[in-house]
Amino acid sequence: MSMTHLCRETMVTVVNGQLPGPVIEATEGDSVAVHVVNQSPHNLTIHWHGVKQQRNCWADGVPMVTQCPILPGHNFTYRFDVAGQEGTLWWHAHVFSLRGTVHGAFIIRPRRRADDDSYYPFPKPHAEVPIVIGEWWETDLEQMDRDFAHGHLDDQPSAATINGKLGDLFRACEGAGVEDGYVLDVEPGKTYLLRVVNAALFSEYYLRIAGHVFTVVAGDANYVRPYRTDVLAVSPGETVDALVVASARPASSYYMVAKPILTPPPDPQIPAFATRATVRYTTAYSSGAPRSSRRRRPRSSSDDDAPVAPEMPDDYDMMTSFYFRGNLTSLRRQPVPSAQADERMFVALALGSVCRRRGQRWCERGDSDETITVATMNNVSFELPPAAATTPMLDAYYRNRSGNGVDDDDDDVAVVVRLPDVPPRAFNFTDRALQPTGPEEEELEPTSRATAVRRFRHGAVVDLVFQSTALWQGDSNPMHLHGHDMFVLAQGLGNYDAARDVARYNLVDPPVRNTVLVPSLGWAAVRFVADNPGMWFMHCHYDFHLSMGMAAVFIVEDGTTADTSLPPPPAVVSSCSHGNVLMPGEILPQS
């Protein structure tokens, strides 16, 4: 559909005419069916971010890894259960960069017991409000994805949004004033549960409301011990649930500001935009009559009064985010699986380059036209195998469980590699001298493209340390694992040192996340149990890093019983060459 912002008309791919898309609400234990009708010109899949999809990776929505995309003019129905999860998740497109506009919140409420009205582990809020932080793009997102894959990193968002609104920091057309902003009306003394989603492609954001304090109660649909703070830090892919009491002076209104966190020079300085919404106090009754006989007349703080603005962290302040995450612990003490892990991996996250001419081993490095900049995990940049052009990797794996998701008759099977347990070469990962192009950087720059796959025995306990590096970049890295949650055991700055840092692991009440922010020039140690059979994507949730190859496929082998094994595919699957065509006027099946 066509949308106009910043005095420019832009064609935008959206769901049901909305940006963000519709909120999907379910109750723990429900079975969910979502009918997706693709009326866009793009191939599409939808990923249910954070839904564990137990024994159901067929519905995980990763193009050519778990399914063929839904072709233009076709439809597909996703079916899955939401058992054992409560809180805020979200859904988004997983094809190209379209999740920049194809996304929405996914809320799973606790199943209420007959004898318990307060089914949350905190006082029941007066209202629940999704807050979706996003970006406004005036570019072809499909083309942008192709540009990223070829090492061209010139595309940037034009604005930031809260619930699809740009806000009054941005000018509309000449003479038309400012852009509309999202307004949250609150009643004095009431408590509101904000369900915050970062759906942005590029940036981690701080969120602050002038004159108010948050109580964080959950992250990624996992409850945390209540934590009071005046600022939230939310990276792409993450969700945060926070209570806010409308306890400020009711005659005023207050700005809610979302501000991106920037990486300092010598990283490239790209445009990044803050945005703001308004928290507006209302009163439910007019004065001058007894309460019982008063006529209802909503009254808000004066439009003539400028809202109070919060003081935001500095542009390059990454430590506020670091400490925010370090203060989160799980609400319930739950035993961290196994005192000793069965598998250990150390994964360095970096940028590198491959020769532009495929198959060429030697080419000029640095700022050279002979190379393509790529993103890597342990010096491997992910690409799909040639066979995935017609057959999803999961289909090939299901037919041959001893394989890696590539058909045996694939002539180019050598492109599939085992994701290494450690980088091929140890170096000072956080040496800032590696950020700009130079002799030291060029020595470490060469890498390769391949289909990186790592297999795990069913039930294996896996310790995984993510190490951000300074190699050509200083970004943090929000790493998302499909189909599993991760215990965040520790985080740190600088180079990870097992002899020193294992002693810091929180094995008592670590927070549990599906997306873990690895701090800039730092590390994060996580543990997960490979107990969900099938094929699962692991990747950075910065869109440019994903398009450039910072990803891998994790395969969890079948267990010893039917209940611990991957079942057959559903009766209806999407097709890479044709599909479930919805004829004009046809009605989708009702759930």
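A quick note: this is a predicted structure, and the numbers were derived from the prediction, not measured.
Comment: Arg208 engages Asp230 in a salt bridge, judged by a side-chain N to carboxylate O separation of less than 4.0 angstrom. A salt bridge between Glu25 and Arg109 is present, with a side-chain N of the basic residue lying under 4.0 Å from a carboxylate O of the acidic one.
Note: Tyr281 and His212 have tilted aromatic rings, judged against thresholds of 30 and 60 degrees for the angle between ring planes. Classification of the Phe148-Phe202 ring pair by plane angle, with boundaries at 30° and 60°, yields tilted. The aromatic rings of Tyr78 and Trp48 sit perpendicular, their planes meeting at an angle over 60°, well past the 30° parallel limit.
Residues Met256 and Ile162 share a closest heavy-atom pair of O-CD1, 3.7 Å. Summarising the geometry of Met550 relative to Ala350, their closest heavy-atom pair is CE-O, 3.7 Å, with the distance given to 0.1 Å.
The local environment of CZ in Arg357 is sparse, with at most 12 non-hydrogen atoms from other residues, nucleotides or ligands closer than 6.0 Å. For Tyr323, the OH atom is loosely surrounded, since the number of other residues' heavy atoms within 6.0 Å does not exceed 12. Other residues, nucleotides and ligands contribute at most 12 non-hydrogen atoms within 6.0 Å of the NE2 atom of His150. In Arg228, the CZ atom is not crowded: 12 or fewer heavy atoms of neighbouring residues, nucleotides or ligands sit closer than 6.0 Å.
Applying the side-chain hydrogen bond (donor to acceptor under 3.5 Å, both in side chains) test to His103 and every residue at least two apart in sequence or in another chain returns nothing.
Rounded to the nearest 0.5 angstrom, His49 NE2 and Asp60 CG are separated by 10.5 Å. The distance from the CZ atom of Arg280 to the OG atom of Ser252 is 13.5 Å, given to the nearest 0.5 Å.
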Exercise for review: Please step through side-chain hydrogen bond (donor to acceptor under 3.5 Å, both in side chains) for the pair Thr66 and Trp536, ending with a clear verdict.
Suggested key: CA-CA 8 Å; Thr66 63; Trp536 306 102; over 6 Å; no
Check your understanding: Please walk me through it: do Asp267 and Gln435 pass side-chain hydrogen bond (donor to acceptor under 3.5 Å, both in side chains)?
Key -> CA-CA 7 Å; Asp267 252 33; Gln435 286 183 263; 3.0 Å; yes
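Sorted by first and then second residue, the pairs that involve residues 146-195 and meet disulfide bond (SG atoms under 2.5 Å apart), not counting sequence neighbours, are Cys7-Cys173.
Looking only at side-chain heavy atoms (C-beta outward), Pro69 and Thr45 come within less than 4.5 Å of each other. By the 4.5 Å heavy-atom criterion applied to side chains, Phe544 and Ser97 are not counted as neighbours.
His35 and Thr77 form a side-chain donor-acceptor contact under 3.5 Å, judged by distance and modelled atom types alone.
Note: Phe537 and Phe382 meet the aromatic proximity criterion, with ring centroids under 6.0 Å apart. In this structure, the ring of His539 has its center less than 6.0 angstrom from the ring center of His482.
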